[in-house]
Every structure is written in structure tokens, then in C-alpha cells.
There are 2 protein chains.
Amino acid sequence: MPPRTYHHPDAEEIAIPRVLFALSEPLRLNMVRKLAAQGETDSIDLGPDLPRSTLTHHTSLLRESGVVFVRAEGRKCMIKLRDEDLEARFPGLLGTVLTGYESADVDGEEAGA
Amino acid sequence: MPPRTYHHPDAEEIAIPRVLFALSEPLRLNMVRKLAAQGETDSIDLGPDLPRSTLTHHTSLLRESGVVFVRAEGRKCMIKLRDEDLEARFPGLLGTVLTGYESADVDGEEAGA
DNA sequence: ATCATAGTTCGACAATTCTCGCACGATCAA
DNA sequence: TTGATCGTGCGAGAATTGTCGAACTATGAT
């Protein structure tokens with residue numbers, strides 16, 4: 001049985017509306033924030049308190065929108081940001097969003113990430 | 001009878017998730033694109049083919065998320081981007097999104113804006 | 001082989017969001 | 001005043017999205 005594989009859009013296929021939508025969800029934005037701070041991360045660390053199926057849902061959405069790259073590692077699931085692809089396609093976007101997010105009213109949340 | 005008035009969030013109240021959500025809709029992103037190119041614009045120019053109630057819906061959403069400023073002028077409705085507020089709060093965001101949008105597969109659409 | 005763990009898929013339900021017709025009030029022109 | 005135009009609010013229905021339990025597969029350890 002082949003290990004789990006995941007489909008990822010090519011860099012050129014990444015579309016701004018989908019990326020913005022993916023980042024517009026607080027839960028997912030928090031996941032992206034962690035990924036930016038920690039680099040490649042075990043999926044479960046992105047939402048330890050979430051039901052697994054919910055976590056898969058959001059991870060898949062981030063993957064299909066081109067925001068993250070997902071890779072199976074044993075039983076686990078490693079996630080990393082597609083920094084370079086996003087930077088090539090939408091220069092500055094990710095940094096701007098994360099910077100703006102930091103300066104806002106975040107950090108008080110534990111319920112999602 | 002007082003002329004129509006509109007509520008706008010203060011600059012500090014503008015939240016990134018809401019802004020990203022507002023911009024994640026192709027219709028609205030197109031409206032914002034026009035506003036960036038033309039400056040203050042008659043609302044009807046933002047969606048000449050849309051039913052009025054649909055146009056009001058999207059305009060209100062952009063306004064409530066802090067992306068645009070709306071002002072009544074006679075019977076009409078003038079819309080402009082809140083460039084400065086957005087720049088102050090999320091430096092570079094708007095420019096990055098619009099630049100990335102331009103470089104993508106847009107322009108072929110007439111059905112929304 | 002057995003068991004526990006991790007992730008996926010499916011299905012159902014709740015919550016949002018989108019679209020748009022319609023009635024209404026406001027504005028301007030004649 | 002009459003009539004045309006514009007925006008708004010309401011309401012309903014469609015479509016999308018979010019949440020999560022349950023069953024299933026794969027992996028790793030005992």
C-alpha cells in the first residue's frame with residue numbers, strides 16, 4: 001500500500017482569492033502563524049484540541065489553496081508553509097498578513113490552535 | 001429627514017480576518033481593484049450588471065470590514081478605498097493583494113464588475 | 001498477532017454567506 | 001405633484017462552509 005500522498009496545486013495555479021479565503025479563517029490563520037514561527041510542524045501541534053476530522057478539514061483546505069505543503073511521515077503528518085511559492089507568486093503577501101496579524105488582538109486565544 | 005448615514009469601523013478596529021474575507025470574493029476583489037484604479041467611484045459603476053440589492057450587500061460588507069468608505073451624494077452612493085487606514089494598520093497588504101491579483105488570470109471577467 | 005495511535009473519509013447537521021425579487025423611502029427633474 | 005431613478009431593508013431559497021462523530025486504513029510498538 002503506497003503511503004499517503006497529497007495533491008498540491010502548482011505554484012502558477014495558486015489563486016489569490018483562494019489564498020485570502022484560506023487565511024480569513026481565524027483557526028487557519030493561527031495555524032499559518034505557527035507554521036511561520038516554527039517551520040515544518042507536526043499536524044497535531046497545529047490544533048491539539050481539535051477533533052481530528054476538523055483538523056484534517058482545515059489542513060486540506062490550506063493545502064488545496066496552495067498555502068501549505070503536506071507530507072506523510074510514518075503515522076504522522078508534517079506541514080510546512082509554501083513560503084517560496086507564495087513569495088514568488090504574491091510577493092510580500094504572507095509577511096504582510098502575518099505582520100498585521102501580530103500587531104492586532106491575537107494571542108489571547110487558546111481554543112483553536 | 002437626515003441623509004443616509006453609514007457606520008464605519010475605526011481604523012484600530014479593522015481586523016485582518018475580516019479584511020481577508022472581504023477580499024476573498026472575486027466580485028468584491030474586482031470592486032476593490034476598480035476603486036484602486038479610479039479613486040472614489042459611483043457605486044453603480046462597481047457593478048453595473050448586478051441587481052441593486054446584491055450590490056448593496058457587497059458594498060456593505062466591504063464597508064463593515066473597513067475596506068471602503070461610503071458616502072451618500074444625492075441619490076447616489078460614492079465609494080472609496082480606505083487606503084490610509086489600511087496602510088497604517090496592515091502596511092503593504094492592499095498593494096500586495098492588488099499586485100498579485102493583476103499578475104493572475106483576471107481581466108477576462110465582465111459578469112461581476 | 002494484537003493493540004494503540006494518527007489520519008482520512010463519509011455523512012449529517014448547523015451556521016454563514018450569496019443572490020435576488022420586492023416594497024419602501026429619498027432625491028431630482030419636469 | 002407626478003414620475004423616474006437610486007439605495008436600502010426584508011425575506012426566502014440556494015449554495016458554501018464549518019463541526020464533528022463513527023467507521024476504516026496505515027503505521028509502529030509489544
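Order of the sequence lines sets the chain letters (A, B, ...), proteins ahead of strands, with each chain counted from 1.
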Query raised in the report: Rounded to whole angstrom units, what separation is found between the CG atom of A/Leu50 and the P atom of C/dA6?
Result: 15 Å
Report task. Report the relative orientation of the aromatic rings in A/Phe69 and A/His8; use parallel for angles under 30°, tilted for 30 to 60°, perpendicular for over 60°. Result -> parallel
Requested in this report: May I have the distance from A/Arg71 (atom CZ) to C/dG7 (atom C1'), rounded to whole angstrom?
Outcome: 15 Å
Query raised in the report: CG of B/Leu61 versus P of C/dC18: gap in Å, rounded?
Result: 6 Å
Requested in this report: Assign A/Ser60 to base, sugar-phosphate, or nothing according to its heavy-atom contacts below 4.0 angstrom with the strands shown.
Outcome: nothing
Query raised in the report: Only one of B/Lys76, B/Arg75, B/Arg71 clears salt bridge (charged side-chain N to carboxylate O under 4.0 Å, His left out) with B/Glu73; which?
Result: B/Arg71
Query - Rounded (10°) bend between the five-pair end axes of the helix from C/dA1-D/dT30 to C/dA30-D/dT1 - result: 30°
Query raised in the report: Under a 4.5 Å cut-off applied to non-hydrogen side-chain atoms, are A/Leu62 and A/Met31 in contact?
Result: yes
Query raised in the report: Starting at NE2 of A/His57 and ending at C1' of C/dT9, how long is that distance when rounded to a whole Å?
Result: 13 Å
Query raised in the report: Do any side-chain nitrogens or oxygens of A/Tyr6 fall under 4.0 Å of OP1 or OP2 in C/dT8?
Result: yes
Report summary line: When rounded to whole Å, the CG to C1' distance for the pair A/Asp45 and C/dA6 reads 13 Å
Query raised in the report: Given that A/Gly74 and A/Pro51 both sit by DNA chain D, which one's nearest nucleotide is further toward the 5' end?
Result: A/Pro51
Query raised in the report: For B/Ser53 and D/dG9, is the shortest distance between a side-chain N/O and OP1 or OP2 below 4.0 Å?
Result: no
Query raised in the report: So, is B/Thr56 close to the D/dT8 phosphate, meaning a side-chain N or O under 4.0 Å from OP1 or OP2?
Result: yes
Query raised in the report: In whole Å, what is the span from the CD atom of A/Glu25 to the P atom of D/dT16?
Result: 17 Å
Query raised in the report: For C/dG7, does OP1 or OP2 lie under 4.0 Å from any side-chain N or O of A/Thr59?
Result: no
Requested in this report: Taking only the side-chain nitrogens and oxygens of A/Arg28, find out if one of them lies under 4.0 Å from OP1 or OP2 of D/dG18.
Outcome: yes
Query raised in the report: Taking atom C1' of C/dG7 as reference, at what distance in whole Å does atom NZ of A/Lys76 sit?
Result: 12 Å
Query raised in the report: Taking CZ from B/Arg4 and P from C/dT27, how many angstroms apart are they, rounded to a whole number?
Result: 8 Å
Query raised in the report: So what does B/His58 hit on the nucleic acid, given a heavy-atom distance under 4.0 Å: a base, only sugar-phosphate, or nothing?
Result: sugar-phosphate
Requested in this report: Could you check whether B/Leu55 gets within reach of a base, just the sugar-phosphate, or nothing at all, counting any heavy atom under 4.0 Å?
Outcome: nothing
